[in-house]
Amino acid sequence: MIRLEKRPQPSRFWVVGAPVLAVLLTMIAGGIMFAALGKNPVEAIRIIFWDPLFSERFAGFSRPQLLVKAGPLILIAIGLSLGFRAGIWNIGAEGQYIVGALFGAAFGLAFWPSEHPLIFPGMIAAGLLGGFLWAMIPALLRVYARTNEILVSLLLVYVAEALLASAATGWLRNPEGSGFPGSRNLARNPGTDNPELIAGTGMHWGVLAAFVAVIAAYVIFSRHILGYQIRLAGEAPRAARFAGVNAGRLVILCLGASGALAGAAGLFEVAGPAGRISIDFNVGYGFTAIIVAFLGRLNPIGILLAGLLMALTFIGGELAQLMLGIPAAAIQAFQGMLLFFLLALDVLANYRFRWKREVAA
Amino acid sequence: MIIDPVTLIVALITVATPVLLAAIGELVVEKSGVLNLGVEGMMIMGAVCGFIVAHETGSVAMAFVAGMGGAMALALVFAVLTQVLMANQVASGLALTLFGLGLAALLGSGYSGLPVPVASRPFPEALQAIPVAGPILFSHSVLVYVAIALVGAVWFVLARTRAGLVIRAVGENHDAAHALGYKVVRIRFATILFGGACAGLGGAFLSVVRVQNWFDGMTAGAGWIALALVVFASWKAGRVLLGAWLFGGIAALQLRLQAAEVGVPVALLDASPYLVTIIVLVIISSDRRRAALNAPAALGRAFHAAS
Amino acid sequence: MKMLPRLLASAALVAGLALPAAAQDDPFQVGFIYVGSPGDYGWTYEHDQGRLAVEEHFGDAVETVFLENVPEGADAERAITQMILGGADMIFTTSFGFGEATNAVAAQFPDVYFEHATGYMREHPNVSTYNARFYEGRAVLGHIAGHMTESNIIGYIGSYPIPEVIQGINSAFLHAREVNPDVEIRVVWTYTWFDPAVEADAAQALIDAGVDVLMQHTDSTAPQTVAQEAGIISFGQASDMIQFAPRPRVASIIDNWAPYYIRRVGEAMEGTWEQSDIWEGIDTGMVVIGEMTDAIPEDVRASAQAMIDAIAAGEYHPFTGPINRQDGSVWLADGEVADDGTLAGLNFYVEGITGEIPN
């Protein structure tokens with residue numbers, strides 16, 4: 001029978017090879033599903049994976065959109081990866097994303113219609129602060145009341161959504177919007193706009209921040225004492241305590257950092273691509289980012305690639321719906337399959353398959 | 001206008017049932033050391049499979065079986081991923097939710113609005129007509145009683161039986177349990193499938209009994225509440241019931257406060273079930289000197305038998 | 001769908017140099033952006049019925065595409081743009097939240113026609129908005145409700161406190177009060193458009209508060225099921241919900257987009273399309289009152305029909321004075337009719353409603 005044998009070191013070949021194989025297997029399994037739905041499987045797969053990047057018709061538009069979609073995912077996932085490595089579970093990035101957007105938008109709207117050059121930096125600071133404060137609720141409760149942060153951070157998402165709805169229909173509503181819900185459009189005012197920095201690239205300040213976060217996380221994990229402490233706390237909590245790691249400080253640091261980054265992602269989104277606070281402003285980046293973090297094996301470079309891959313399947317999936325009439329549900333199932341294969345084949349990097357005769361136990 | 005406590009209690013029991021079912025299953029899964037965040041996906045599979053079978057066969061009982069079966073099929077995928085292929089549990093669970101939502105929508109397309117049989121209530125009209133006790137105790141559909149009985153059964157099995165001891169041992173320290181000769185992977189397969197069955201039943205309750213219709217995404221986050229309840233309960237079966245009723249109670253109460261036109265901001269009322277749950281948990285957990293988090297020690301960690 | 005013939009045309013579109021859409025010899029392509037899924041059996045379902053009606057009406061001359069579950073913001077902007085790059089000549093965006101995205105894309109594609117539902121932003125000449133006067137239908141339902149309630153309490157499940165919902169509450173209440181001076185209305189806000197479990201709970205809460213007629217401005221049929229069990233009456237919302245007839249669903253308010261979609265697609269194909277701000281109701285059939293069942297007494301059915309006819313003929317406006325605001329101040333003097341601007345942004349209750357609008 002087949003047995004798994006743990007590799008002493010992850011296989012260099014399979015670290016790269018497993019995701020490639022996973023994508024190939026997804027193409028086959030997904031192709032079967034598309035064929036079962038009566039769609040041309042080859043065309044469907046080509047549209048999802050190839051067209052957004054290289055089709056003459058779509059790529060010019062879709063390629064930059066990849067960054068717009070991946071930016072917030074990567075930014076949030078990088079923050080989450082700090083805590084996840086230390087065994088600190090922030091499931092509520094979606095809520096921190098909302099509150100960051102609310103803080104940032106409120107700051108910008110408070111000075112409306114000023115175009116002072118310090119407004120946008122102020123909004124970024126407010127966004128960071130909003131996400132940070134929202135994450136401090138589970139952090140402080142965990143440290144001082146020993147309350148489980150999974151529950152608190154998750155439930156605060158719903159509280160943040162209620163806050164968002166009341167902002168959109170009440171205290172942040174556009175006074176010139178004739179009673180309709182939603183705030184003023186921040187992207188239409190040079191003072192509060194988060195613009196595309198280089199035309200035709202999709203690169204805005206949030207995407208730039210995501211790249212900076214990737215590099216910073218890389219440095220922290222590979223060079224800084226903090227990275228060492230985080231890893232130690234995650235892998236051997238008792239040893240970490242003996243090594244003098246302050247567990248409470250680490251909780252506050254990790255949750256605070258992930259909250260602040262999620263908040264910043266919310267601010268960049270509301271000031272740029274989304275433009276304004278509305279009832280349904282949040283679209284699930286905070287939850288998808290959890291998948292991205294693990295898909296990237298909690299490694300900054302991995303997260304970067306995972307974020308881009310997820311964004312590709314979103315955009316390509318939309319194209320497939322459009323061009324072939326594939327239902328959105330099938331695209332969702334297809335994404336699920338892709339994740340299954342990616343996660344499952346990770347086994348190849350860390351384990352070796354061995355034929356073994358069953359030994360009488 | 002005052003709020004009638006009897007109808008409030010009746011309502012909270014109904015409101016709590018789907019999440020209670022899902023939560024009690026997830027509790028057993030987590031007790032064995034596995035964190036399955038795919039509850040939402042399993043619930044919606046239960047909802048769609050239950051509804052389809054209820055419509056096609058006209059049998060509510062068959063619908064519940066189908067609901068469990070559909071969700072267990074999804075749970076099996078999770079079990080293979082995390083127990084055989086050592087995949088990360090958090091990510092696998094989230095992927096399960098994504099996949100389940102998509103697959104359920106595919107299966108259920110065309111079923112919205114079709115009729116299903118009405119679930120019977122086990123107690124006779126005469127008992128239901130008793131003032132106060134009648135509606136509270138005897139007016140519910142059968143799955144409500146099943147859910148409560150299940151809580152008792154899970155408590156009993158975990159606390160008082162050898163099987164429960166084994167499950168807990170696996171959840172606390174899978175290496176030690178393995179060394180003692182327990183089949184860690186096999187036990188976790190069983191608990192994961194049990195968790196799937198419970199989540200599926202919760203979903204089927206929602207579509208077949210509560211709403212009597214199928215819509216895309218109709219669980220609307222109930223699976224996440226179930227996950228939160230397990231944590232809220234500090235992995236204790238009885239407290240899952242209390243948590244579900246507390247949450248359901250506040251949810252039912254806030255709608256009644258709105259109907260009674262009390263002058264509390266609606267956004268605050270809307271958020272109140274979540275806020276109250278957090279506050280109660282804070283009070284409970286800061287009350288204890290030690291082991292307040294109480295999570296199974298091996299929760300979420302992959303197990304690989306070295307030998 | 002063949003890729004090559006369109007390639008040049010869409011490349012030209014990007015550059016803003018496109019030929020008139022009608023000049024192409026391939027089918028006129030109409031795209032629909034849905035906020036939910038047609039499987040919701042409510043709001044999006046009705047828009048999809050409109051799309052299917054367009055397909056049926058024009059046959060091979062028109063091709064339709066749609067994207068479902070499109071989130072607001074950047075995602076909507078991308079979805080619309082990709083749809084146009086894919087060959088769409090006309091776009092219907094079927095939710096209020098798509099307003100910004102619709103206008104942003106419209107600026108880049110001046111030769112594509114845009115139709116945005118329930119919004120108010122028309123920043124470019126190729127953007128029209130359209131909406132239905134749901135409050136006209138609510139007036140009829142309120143009339144029926146006022147007659148039929150025995151507890152004199154009407155329940156109303158609201159989604160979000162936005163003008164469209166507040167119009168409906170006011171209209172229903174005014175016309176219930178008109179025939180029944182003792183009637184009260186209780187509103188419960190769910191803060192969601194679609195969550196069957198929460199909608200069912202809200203219905204139950206209202207019933208427990210003594211309500212015996214239920215109205216909803218949320219999308220699922222869950223409240224109908226609860227009404228059925230409680231033995232009270234209710235009204236279908238967005239779609240007909242006919243499977244709950246004859247009781248609890250005694251009538252319904254249906255969004256019927258098909259005639260408008262057919263008309264506008266036809267105009268766009270002929271080149272007679274012009275920017276407009278449409279707000280139509282019972283008169284053009286955009287708002288339809290679904291079959292009134294036998295559960296409603298015959299004389300009430302007759303008087304309700306008379307009201308439908310009067311509204312359709314333009315003889316009666318549901319917001320005709322004297323109407324006071326909730327605080328007692330005069331909103332409309334005797335005989336005065338509410339102007340569309342005030343109505344579109346309505347953010348107060350009328351006199352007699354005891355609750356408060358949340359914000």
Would you compute the distance between atom [atom1] of [X] and atom [atom2] of [Y] and round it to the nearest 0.5 angstrom?
X	Y	atom1	atom2	value
A/Ile150	B/Leu227	CD1	CG	8.5 Å
A/Met310	B/Leu98	CE	CG	6.5 Å
B/Thr97	A/Gln332	OG1	CD	10.0 Å
A/Ile91	B/Leu37	CD1	CG	6.0 Å
B/Leu229	A/Leu151	CG	CG	8.0 Å
B/Leu103	A/Met337	CG	CE	8.0 Å

[X] to [Y] - nearest heavy-atom pair and separation:
X	Y	answer
B/Ala267	A/Ala162	O-CB, 3.7 Å
A/Leu343	B/Ala95	CD1-CB, 4.3 Å
A/Phe340	B/Ser92	CE2-O, 4.2 Å
B/Ile278	A/Val152	CD1-O, 4.1 Å

Which of these passes side-chain contact (heavy atoms from CB on, under 4.5 Å) with B/Leu281: A/Thr147, A/Leu155, A/Leu141?
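For B/Leu281, the side-chain contact (heavy atoms from CB on, under 4.5 Å) check succeeds only for A/Thr147.
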Pairwise side-chain contact, [X] with [Y], heavy-atom cut-off 4.5 Å (strictly under):
X	Y	answer
A/Trp89	B/Val90	yes
B/Trp224	A/Tyr158	yes
B/Leu106	A/Leu37	yes

Proximal component of [X], with respect to chain B [non-hydrogen, under 4.5 Å]:
X	value
A/Phe84	neither
A/Ala165	neither
A/Ile291	both

For [X], which atoms come within 4.5 Å of any heavy atom of chain A: side chain, backbone, both, or neither?
X	result
B/Leu94	both
B/Leu268	neither
B/Val266	neither

